[in-house]
Amino acid sequence: LPAALRKRIRQWIAGSSLLGAGTRRKLGHTFLGCGGSLESLYLDNFYCAFSPAAQQELLTATQPEGCATAYANFRRYFDAGDGSLLERLLYADQKTYLVELLMKQDQMSMATSIESRVPLLDHPLVEFAARLPGEMKLRGTTGKYIFKKAAEGLVPREILYRRKMGFPTPLRSWLGEAAAAPLFDLLRAPDGLLAAYVDRRALENLIGRHQSGAEDATDRIWRLLNLQLWGEIFLTGRREKMETGGVPSGPAGARVP
């Protein structure tokens with residue numbers, strides 16, 4: 001589609017009163033709601049809830065010094081990769097996102113005394129997969145093509161070729177409950193980490209649009225909440241309250257340099 005037409009479609013999706021907030025959010029993650037760049041189609045879509053425009057709207061002029069672009073590390077590996085687009089994306093994922101996933105898997109399993117293994121990351125298998133042509137990995141709309149073909153006859157076809165389910169967390173319903181009110185209060189804390197970097201009016205506007213149903217901002221609110229909680233635990237001196245499950249309130253304790 002011509003760029004001008006794509007832009008008009010994106011603008012219509014973002015501002016349409018005919019579509020519910022949830023529908024607009026879902027369409028925003030498709031090619032109809034994204035720009036044509038790698039950052040918009042893939043990185044903003046998969047890694048981050050904040051588009052550059054959303055970041056500019058929310059952040060104040062007081063931003064931390066030395067901030068690199070969010071995707072600098074991914075772009076470095078993507079640009080250094082060889083071969084097709086698919087091979088370059090896989091290579092960059094292995095060097096960035098996969099490292100993060102493995103770190104979380106290791107930490108969470110160790111924290112609960114579980115011996116966890118990742119057999120599909122056995123290095124001879126990884127090396128073999130890296131040498132396979134792209135059409136053996138992705139054919140049409142079928143991902144993991146050669147893996148599924150190898151498992152035919154061993155796993156029922158309705159399981160092998162069903163839609164990916166994943167392990168989604170019900171963030172939207174959580175943030176829609178009355179019990180979530182203290183979390184929104186935490187986002188607004190005048191002495192929290194966000195207060196130094198996030199425009200208060202823009203934050204209130206974002207929360208208001210979300211709570212009124214005008215916009216589904218679950219992803220952005222959840223990320224902001226995690227950043228605020230991280231600041232409460234490690235920077236504001238209120239770690240003890242967080243460890244006991246309480247939401248901090250009142251003046252902050254002594255700041256940790």
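Given the structure is predicted, the values throughout are model-derived calculations rather than measurements.
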Asker: Verify whether one side chain among Asn73 and Arg76 offers a donor that lies under 3.5 Å from an acceptor in the other.
Answerer: yes
Asker: Which pair of heavy atoms, one from Arg200 and one from Arg188, lies closest together, and at what distance?
Answerer: NH1-O, 2.9 Å
Asker: Looking at Leu206 and Ala217, what are the two nearest heavy atoms and their distance?
Answerer: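 Minimum heavy-atom separation between Leu206 and Ala217: CD1-CB, 3.6 Å.
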Asker: Are the side chains of Leu58 and Tyr197 in touch, meaning some heavy atoms are under 4.5 Å apart?
Answerer: no
Asker: Go through the structure and list residues passing side-chain hydrogen bond (donor to acceptor under 3.5 Å, both in side chains) with Gln11, not counting sequence neighbours.
Answerer: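 None.
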Asker: Side-chain contact, heavy-atom cut-off 4.5 Å: Lys137 with Leu90?
Answerer: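 Yes; the side chains approach each other to less than 4.5 Å.
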Asker: Is Arg139 close to Lys149 at the side-chain level, that is, under 4.5 Å between some pair of heavy atoms?
Answerer: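 They are not in contact (no side-chain heavy atoms under 4.5 Å apart), so the answer is no.
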Asker: Restricting to non-hydrogen atoms, name the atom on Leu186 and the atom on Gln228 that form the minimum distance, rounded to 0.1 Å.
Answerer: O-NE2, 2.8 Å
Asker: Just distance, no hydrogens or angles: give the donor-acceptor pairs under 3.5 Å from side chains in residues 118-129, sequence neighbours left out.
Answerer:
from, atom 1, to, atom 2, distance (Å)
His123, ND1, Glu127, OE2, 3.2

Asker: For the residue pair Leu225 and Leu183, what are the closest heavy atoms and their distance?
Answerer: CD1-O, 3.8 Å
Asker: Within the 4.5 Å heavy-atom criterion, are Asp82 and Arg88 side-chain neighbours or not?
Answerer: no
Asker: Within a strict 4.5 Å, meaning less than it, do heavy atoms of the Arg75 and Leu38 side chains meet?
Answerer: yes
Asker: In terms of side-chain geometry, is the basic nitrogen of Glu100 or Lys104 positioned less than 4.0 Å from the acidic oxygen of its partner?
Answerer: yes
Asker: Assess whether side-chain contact (heavy atoms from CB on, under 4.5 Å) is satisfied between Tyr77 and Asp93, documenting all intermediate values.
Answerer: CA-CA 9 Å; Tyr77 287 112; Asp93 266 352; over 6 Å; no
Asker: Are Tyr161 and Glu152 close enough, and set up right, to give a side-chain contact (heavy atoms from CB on, under 4.5 Å), and what steps lead you there?
Answerer: CA-CA 10 Å; Tyr161 289 97; Glu152 284 184 355; 2.7 Å; yes
Asker: Less than 4.5 Å apart, side chain to side chain, heavy atoms only: is that true for Phe234 and Leu193?
Answerer: no
Asker: Does Pro2 have any side chain to side chain contact (heavy atoms under 4.5 Å, CB included) partners at least two apart in sequence or in another chain, and if so, which?
Answerer: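 Checked Pro2 against side chain to side chain contact (heavy atoms under 4.5 Å, CB included); matches are Leu5.
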Asker: If you round to the nearest 0.5 Å, how far is CD of Glu87 from CG of Leu138?
Answerer: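 Between atom CG of Leu138 and atom CD of Glu87 there are 11.5 Å.
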Asker: Give the cluster check for Val155 versus Ile146: same hydrophobic cluster or not, with ILVMFWY residues linked at side-chain heavy-atom distances below 4.5 Å.
Answerer: no
Asker: Report yes if some heavy atom in the side chain of Phe78 is under 4.5 Å from a heavy atom in the side chain of Leu85; otherwise report no.
Answerer: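 Side-chain contact under 4.5 Å: yes.
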Asker: Could you pull out the closest heavy-atom pair between Phe184 and Leu175, with the gap in Å?
Answerer: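 The pair with the smallest heavy-atom distance is CE1-O, 3.6 Å.
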Asker: Any side-chain heavy-atom pair from Trp174 and Thr169 closer than 4.5 angstrom?
Answerer: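 In short, these two side chains touch, coming nearer than 4.5 Å.
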